[in-house]
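In what follows, residues are counted from 1 in the order of the sequence shown.
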Amino acid sequence: MVEGPGCTLNGEKIRARVQKGQCVRELRGSAVNGKNSASCPNNIPSLTGCNYTGVETLGKELFLYFGIKALRVHFGMNGSIRINQSDKKEQGKTNPVAVLEVHLTRDIICFYDSTVDIRNATECQEKKRFFEELDVCSSKFSFSRAECEIKKQHTRMLCDVLLDQAILPGVGNIIKNEALFDSGLHPGVQAGLLSYKQVSHLVKMTRDFTLLFYKCRKSGSALYKHYKVYKKSNCGQCSAKITVCRLGEHKRMTYFCPSCQKDKPQDIDISKLPTRNSLIGWAQRQSSSDLYEHVAKRIEEHWTCEACTLINKPSDNQCDACLTQRPKVSSDSINEESADLSSDLVKYPCNNFAKSLPIVKLNKSAAFGNTTLVLTDFGAKPNFSTKNVDHLSTMNSSFDVCENDKGCNKQNVSNKRSNENKHWTNNFNALNGCTGSSNWNIFNHPQKKFKIEHEAQDKSTNYSTFPSH
């Protein structure tokens, strides 16, 4: 059975590949020739000459709009569509006969193993608006309204309630069985016996597995790997024997675990129910950017220069050696990454792929020549304090002591220190946009001060480099 997620994806394919405004030039297929008695062949040819105006989906139904007319498509058990398929036949294979081929001005839409008929476009649009909040695949799905609809079904079994397209459009047999298992409820339990929390949890599990269904079908992942009871011989949770029977008003095939799913709702503790894998985290109405925040993107990896093969850091936009620009990541690669469900590339805490930290470079004249002090702030928010300025002053004094040890004149060292202190002070003030001795800014992490032992004759000389506050 093509359930709601499959129908939704078919609508998305048509919406993305078929442009609106095209005229219907020709209609072909068994529905036009009258071989499909389930459809209305006498009305379908009336679409010839109409302009295609859009497509909508509701549960398991797809509506193609042609002005005041609408083509309703139900995909049944194995229905499918093909857009602009090739006319070439593969060797040893015969192409299936389409139920309906809609030949537009530039595109061709083919429907297979489906039921088609003509409806009034206005009525279809009104039906879409009325049931949109109950469609489990819709972005406008309303949990509260779905809960109210289920509570109204007092004596009906849950297996019938979930499959009723007037209550939850889009739910099929797969979603029914897996959602009941996730809720811990026996399929034969009457809806009126459930508590408010159990009804809410049942709706949530139905919606979650539906979105998981949709994600797997869209990305090409195997949905059967997430089955716990559907077409299983043993329970995916407790390994007990699965019970298979035809249950409900329409005798649909039902799978359930008699050990995990209780026929008495009062015995169920929702907090102790098993949970699925991490894909359910995606299904719980979270955005993909939040789910894959811990996964490193390709633009956040180390990259190799195409010219000199140097491996550069993720934050570099050009090669450090030959200044060759970093190659751009194609949009196809980005789309493949967004569809990939693996999380092999993990951002470790030590690798915050952010912009380079701000640095301060200060030129210093020492006994052995000119040198440059490179000061980097590793704090999240720079908070310049006086203590750290004192620390830099101490470092400056240490340099001066080294010069003094080399035989420099004490008076020259004192004068040189005074000039350099003024130079450093002006640099800090200009960097931080402050004047005078107010708003001292340097780094927010307190540093341990160096201990200085002066070997000068006058040990009482004060080497304070900054005025006291």
Side-chain angles (χ1 to χ4, degrees), residues 1 3-5 136 143 146-147 149-151 153-164 167-168 170-217 221-286 341:
M1 173 64 71
E3 304 189 18
V136 288
F143 284 85
E147 293 167 5
E149 293 295 329
I150 293 179
K151 290 176 184 177
Q153 315 300 317
H154 301 289
T155 59
R156 296 182 67 187
M157 290 188 293
L158 293 178
C159 59
D160 292 327
V161 173
L162 293 183
L163 289 179
D164 192 340
I167 298 176
L168 291 174
V171 175
N173 208 33
I174 300 176
I175 299 175
K176 176 202 74 176
N177 287 287
E178 295 298 325
L180 287 173
F181 175 82
D182 292 338
S183 303
L185 295 169
H186 190 282
V189 173
Q190 294 181 353
L193 299 178
L194 302 184
S195 64
Y196 176 81
K197 290 184 178 180
Q198 289 172 335
V199 173
S200 178
H201 188 255
L202 175 60
V203 173
K204 183 179 183 299
M205 292 299 100
T206 304
R207 169 73 167 176
D208 284 356
F209 192 83
T210 301
L211 295 180
L212 175 60
F213 195 140
Y214 171 86
K215 183 66 175 180
C216 289
R217 287 287 186 264
S221 303
L223 179 64
Y224 71 88
K225 294 182 179 180
H226 305 283
Y227 293 164
K228 295 296 181 66
V229 292
Y230 183 73
K231 290 189 176 181
K232 293 282 187 178
S233 57
N234 297 95
C235 176
Q237 185 66 33
C238 67
S239 300
K241 194 71 175 178
I242 293 295
T243 300
V244 184
C245 62
R246 292 190 177 274
L247 192 65
E249 301 168 357
H250 302 285
K251 304 299 179 182
R252 295 294 302 275
M253 194 67 72
T254 304
Y255 302 80
F256 66 93
C257 174
S259 177
C260 297
Q261 296 173 252
K262 309 296 182 182
D263 55 356
K264 295 181 180 179
Q266 60 270 20
D267 297 338
I268 300 175
D269 187 356
I270 296 177
S271 61
K272 295 182 180 180
L273 291 176
T275 57
R276 290 181 180 265
N277 54 27
S278 60
L279 279 178
I280 288 296
W282 174 89
Q284 292 175 350
R285 292 167 289 169
Q286 296 181 1
L341 299 180

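- In plain terms, the two heavy atoms of Gly184 and Leu273 that are nearest each other are CA-CD2, 4.1 Å.
- Once rounded to the nearest 0.5 Å, the distance linking SG of Cys159 with CZ of Arg246 reads 12.5 Å.
- Formation of a donor-acceptor pair under 3.5 Å by the Glu147 side chain with backbone atoms of Tyr196 is not found in this model.
- The shortest side-chain heavy-atom distance between Phe256 and Leu185 does not fall under the 4.5 Å cut-off.
- Rounded to the nearest 0.5 Å, atoms OG1 (Thr206) and CG (Asp182) are 8.5 Å apart.
- Closest of all the heavy-atom pairs between Arg156 and Glu249 is NE-OE2, 3.3 Å.
- In Lys231, the NZ atom is not crowded: 12 or fewer heavy atoms of neighbouring residues, nucleotides or ligands sit closer than 6.0 Å.
- The shortest side-chain heavy-atom distance between Leu180 and Leu202 falls under the 4.5 Å cut-off.
- With contacts defined as side-chain heavy-atom distances shorter than 4.5 Å, the pair Glu3/Ile175 qualifies.
- Between Thr254 and Lys176, the side chains place a donor N or O and an acceptor N or O closer than 3.5 Å (distance only, hydrogens not considered).
- Rounding to the nearest 0.5 Å gives a distance of 9.0 Å between CG of Leu194 and OG of Ser183.
- Between the CZ atom in Arg252 and the CG atom in Leu162 there is a gap of 12.0 Å [rounded to 0.5 Å].
- For the pair Gln237 and Cys257, the minimum side-chain heavy-atom distance is 4.5 Å or more.
- Looking at heavy atoms from C-beta onward, Ile242 lies in side-chain contact with Cys235 at the 4.5 angstrom threshold.
- Looking at Asn173, its side chain does come within 3.5 Å of a backbone N or O of Met253 through a donor-acceptor pair.
- In terms of heavy atoms, Cys260 sits closest to Phe181 at CB-CE1, 3.8 Å.
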Check your understanding: Given the rule in the side-chain contact (heavy atoms from CB on, under 4.5 Å) test, do Val199 and Lys151 qualify, once you have shown the distances and angles that lead to the verdict?
Key -> CA-CA 8 Å; Val199 173; Lys151 290 176 184 177; 4.3 Å; yes
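- Side-chain atoms of Glu178 come within 3.5 Å of backbone atoms of Lys228 as a donor-acceptor pair (strictly under, hydrogens ignored).
- No side-chain heavy atom of Glu149 sits less than 4.5 Å from a side-chain heavy atom of Asp164.
- Rounded to the nearest 0.5 Å, atoms OG (Ser239) and NZ (Lys241) are 11.5 Å apart.
- Note that the CD1 atom of Ile270 and the CD atom of Gln198 stand 5.5 Å from one another [nearest 0.5 Å].
- A donor-acceptor contact shorter than 3.5 Å links the side chain of His186 to the backbone of Gly188.
- Across every non-hydrogen atom of Val161 and Ala191, the tightest pair is CG2-CB, 4.3 Å.
- Of all the heavy atoms in Pro5 and Gly170, the pair that sits closest is CD-O, 4.3 Å.
- Asn177 contributes a side-chain N or O that, together with a main-chain N or O of Tyr255, makes up a donor-acceptor pair within less than 3.5 Å.
- The two atoms that bring Val189 and Lys262 nearest to each other are CG2-O, 3.9 Å, heavy atoms only.
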